[in-house]
Amino acid sequence: MNRKIETFAFLSSGTPDSDEAVQELTKNYGQSDARDADVIVALGGDGFMLQTLQHYMNQGKMIYGMNRGSVGFLMNEFNSAGLKERIEAAQSETIRPLKMVAESVEEGTVTAFALNEVSLLRQSYQAAKIRISVDDQIRLEELICDGVMVATPAGSTAYNLSAQGPILPLDARLLALTPVSAFRPRRWRGALLPNKVTVRLDILEPEKRPVNAVADHTEVKSVLSVTIEEASQLRATILFDKNHSWNERILKEQFLY
């Protein structure tokens, strides 16, 4: 893709390695305010990249990450040389978040957005009991489990993958519905859903089996129900090096185990 990059905004996750990288890159390429820069360069791990994408959502900003953290699936390899040329040749991907509307005993109605996943997790020693509906049709009357999540393609390599969920290409118009330690039905491994559906998760026996809901960094305690759908009007643009695209990483990841 042909793009002209003249100004950069370098953002650090706050670790010593990230701070050092910002100093080096600023010396080589200059530093602009993020509101005016042609590209925002996030230096850290995947968590910091997600925070940056959330912060600049729908502002027309391109985000290019370089790994200075412990996890970097969303990040490009760190190298200060030839950065302008790398970014100008980088491939862009559009990420859309999930919108969570949670009904909570303590907090009422809470709305939050997640680029990775919306997850429900048991709050006590008791397994959770959750009813799953898709577009107002009950698909699973009772899931007994430690939890369940709905993950975006961007989030499919995070918690979703650890819970044995599927890895999704970024351009897949799908969401992963994945259980965490399902007890009944024991062999249920989840489902792949079109990204246009609305998922509703109702907590059964909420007083006896309390459940928390988490949308990336927002946690809601003691939920009664959670509705999840793609926030199609919101978007963020992430850049990947031309020779290290997201789809290439997805293919590679699936042959590692």
Main-chain N/O of L239 paired to N76 side chain as donor or acceptor, under 3.5 Å: yes
Side chain Y29, main chain L83, donor-acceptor under 3.5 Å: yes
T237 and S92 side chains, donor-acceptor separation under 3.5 Å: no
Side-chain donor or acceptor of K196 paired with backbone N/O of R173 under 3.5 Å: no
Separation of F48 CZ from R68 CZ (nearest 0.5 Å): 13.5 Å
Atom pair CG/CE of N67 and M75 - distance to nearest 0.5 Å: 6.0 Å
Any donor-acceptor pair under 3.5 Å from R96 side chain to N195 backbone: no
Pairwise distance CD(Q23) to CZ(F10) - rounded to 0.5 angstrom: 12.5 Å
Pairs touching residues 155-172 that satisfy side chain to side chain donor-acceptor pair (under 3.5 Å), sequence neighbours left out: N160-T178
Side-chain donor/acceptor of N212 to backbone N/O of L121, under 3.5 Å: no
Candidate list E229, K99, E230, test side chain to side chain donor-acceptor pair (under 3.5 Å), partner T198, passing option: E229
Note, V22 side chain near Q31 side chain (heavy atom, < 4.5 Å): yes
Interatomic spacing from CG in D38 to NZ in K84 - rounded to 0.5 Å: 9.5 Å
Separation of L201 CG from L177 CG (nearest 0.5 Å): 7.0 Å
Inter-residue atom distance Q51.CD - D216.CG, 0.5 Å rounding: 9.5 Å
